[in-house]
Structures are given as C-alpha cells and as structure tokens.
Protein chains: 2
Amino acid sequence: MADVMIHEFLLGFIKIYILQYAEKEPVYGKEIHDQLQEYGYKISFGTLYNTFHGFEEKGYLIHEDRNINGKIRKYYTLTDRGKEAFNKAKEKAKELFDALYE
Amino acid sequence: MADVMIHEFLLGFIKIYILQYAEKEPVYGKEIHDQLQEYGYKISFGTLYNTFHGFEEKGYLIHEDRNINGKIRKYYTLTDRGKEAFNKAKEKAKELFDALYE
DNA sequence: TTCTTGATATCAATTTATGATATCATTATT
DNA sequence: AATAATGATATCATAAATTGATATCAAGAA
C-alpha cells in the first residue's frame with residue numbers, strides 16, 4: 001500500500017523536495033533517485049528526468065555538466081525563478097499541512 | 001503560475017486533505033470543491049468525483065445519500081481502512097514536509 | 001407534466017507517469 | 001586505436017490520471 005500512496009499522494013511533494021534540494025546544493029538525477037528510494041519513496045527514472053527537464057524549461061533549474069570519475073553528471077541548481085516557485089509551493093503546502101494538523 | 005503549481009505539486013496533498021475532512025465530518029463533493037476553490041486550490045469535478053469513487057472502491061470512504069432541500073447529496077465518511085491510509089499518508093507527508101523546513 | 005436547481009456522473013481528449021531499453025561520454029583494457 | 005565497461009542520462013511506447021464540457025439525476029415547484 002505504501003507504494004500506491006506515493007503515487008497517489010506524494011509525487012507532487014517529492015517535486016517540491018527536488019527544488020529544495022537544488023536550493024541547498026547542486027543535485028543530479030541518480031543521486032536524488034537513490035536517496036528517495038532509501039527513504040521509501042519511489043519515483044521512476046522516466047518521471048524523474050522528465051521532471052528535471054520540465055523544471056529547466058520553466059526556468060526553475062539550470063544545469064552544468066561535471067565530469068566525475070570520467071562520468072558526466074548534470075548538476076541542477078535552483079534559479080531565482082525557481083526559488084520563487086519553490087517558496088510559493090512551500091507556502092501552499094504549509095497551508096494544507098497545517099490544516100492537516102490543526 | 002499559482003494554478004500550475006496546484007496541478008504539479010499539490011493535487012496529492014489535496015487528496016490527503018479530503019480524507020482528513022471526511023474523518024472530522026461527512027463531506028460531499030461540491031462542498032469540498034467550493035471550499036478548496038475559496039482558498040485558491042482548484043480541482044476539477046472530473047478528478048474530484050473520480051477521487052471519491054476511487055477512495056470508496058479502495059475502502060477508504062463510504063457514502064450515504066442525504067436529501068437536502070430536495071436535492072440528493074452523497075456524504076462521504078472515512079472508514080477504518082481509510083483512517084489507516086490517511087495516517088500513513090500524513091506521516092509520510094510530514095517526513096517530507098519536515099525535510100522542507102529543517 | 002414539465003421546469004428548475006443543486007448536485008453527481010460520464011467520457012473523449014489531453015496530459016502525465018512508467019519502466020524497459022537505448023544512448024551517451026569517458027576511462028580502462030587489450 | 002578499437003573495444004569493453006561503467007555510471008549516468010535520454011527516449012518512447014504503453015498505461016494511467018486529469019480535465020472540463022456535457023449529460024444525467026432526484027426531488028420540489030410551477
């Protein structure tokens with residue numbers, strides 16, 4: 001059941017979390033995938049990379065290629081525009097969250 | 001932009017909120033639709049009623065018909081199974097939420 | 001009976017998610 | 001200088017979820 005719930009309830013939240021991560025420090029796809037998995041959240045690579053691309057198209061993220069041990073990684077960083085979107089999402093999420101715990 | 005963000009980030013959260021509402025007191029579709037709209041969250045009737053039906057199929061909600069001013073309303077109430085799902089979702093959401101505000 | 005009203009249901013079209021597979025860029029191996 | 005190996009990203013056909021306009025419903029009023 002836990003799996004189903006992620007799809008149904010938590011995917012949007014995971015996306016906010018991606019923005020937040022990218023605010024703290026540059027993040028790449030595989031890293032966040034594995035990290036989320038470790039904590040019991042599943043997001044497919046298809047959805048994940050598509051999410052990164054979508055965020056970049058919307059101007060929320062930009063990436064730079066880094067060569068790590070001879071492998072290319074795309075490190076994504078939050079833009080100002082992304083920060084704005086993130087803050088709004090966070091705020092709205094908090095509203096709903098507070099309603100949940102009031 | 002606010003609209004887009006609801007779709008992208010908050011829809012799952014709204015679904016948790018529906019469960020929570022149904023725990024406090026019986027809720028019907030139009031009511032929660034209008035209430036959410038008032039607070040700036042939009043969910044289409046298609047998605048909303050489909051969500052109610054899905055939750056009922058999964059055994060999270062049951063409904064009873066009530067005649068209010070000559071109009072039928074379907075009041076949905078949280079079941080024990082639904083309570084279980086709600087608590088898990090809430091817990092997972094809190095984890096992610098705390099990560100957002102840590 | 002027919003109209004109105006508040007609400008729920010439907011469904012074709014669109015959008016989003018999945019995950020298996022392909023591809024990429026670099027280093028190591030032969 | 002090919003070729004294999006590796007870690008990561010990209011693709012894309014299929015599947016699932018969302019939309020919203022429209023249809024339907026049930027009951028009271030005209």
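Letters go in sequence order (proteins before strands), and every chain restarts at 1. Predicted, not measured: the structure shown is a model, and the values here were computed from it.
As a whole-Å value, the separation of A/Phe45 CZ from C/dC24 C1' is 15 Å. Between B/His33 atom NE2 and C/dG6 atom P there is a gap of 15 Å when expressed in whole angstrom units. The distance between atom OH of A/Tyr41 and atom P of C/dA17, rounded to the nearest whole Å, is 18 Å. We find that CG of A/Leu36 is positioned 15 Å from P of C/dA17, with the value rounded to whole Å. Taking atom CD on B/Glu8 and atom C1' on C/dA17, their separation rounds to 12 Å, with Å as the unit.
B/Asn67 comes within contact range of the sugar-phosphate backbone alone, with a heavy-atom separation under 4.0 Å but no base atom that close. Among the atoms of the strands shown, only primed sugar atoms or phosphate atoms (P, OP1, OP2) are found under 4.0 Å from some heavy atom of A/Gly29. Residue contacts shown for B/Tyr28 are limited to sugar-phosphate atoms, with no base heavy atom under 4.0 Å away.
Within 6.0 Å of CD in B/Glu64 there are more than 12 heavy atoms belonging to other residues, nucleotides or ligands. Shown here is B/Asn69, whose CG atom has no more than 12 heavy atoms of other residues, nucleotides or ligands within 6.0 Å. More than 12 heavy-atom neighbours from other residues, nucleotides or ligands sit within 6.0 angstrom of OH on A/Tyr101. More than 12 heavy atoms of other residues, nucleotides or ligands sit less than 6.0 Å from atom CG of B/Asp34.
By the 6.0 Å and 45° rule, A/Lys74 does not stack over the aromatic ring of A/Phe52.
Taking the six-membered ring where the residue is Trp, B/Tyr49 and B/Phe45 present parallel rings, their angle staying beneath 30° rather than reaching 60°.
If you find the closest nucleotide of DNA chain C to A/Lys71 and to A/Thr47, the one lying nearer the 5' end belongs to A/Thr47. A residue-by-residue look at B/Tyr75 and A/Lys15 shows that B/Tyr75 has its nearest nucleotide of DNA chain C further toward the 5' end.
Along DNA chain D, the stretch of nucleotides lying under 4.0 Å from any heavy atom of chain B spans, 5' to 3', D/dT18 to D/dG28.
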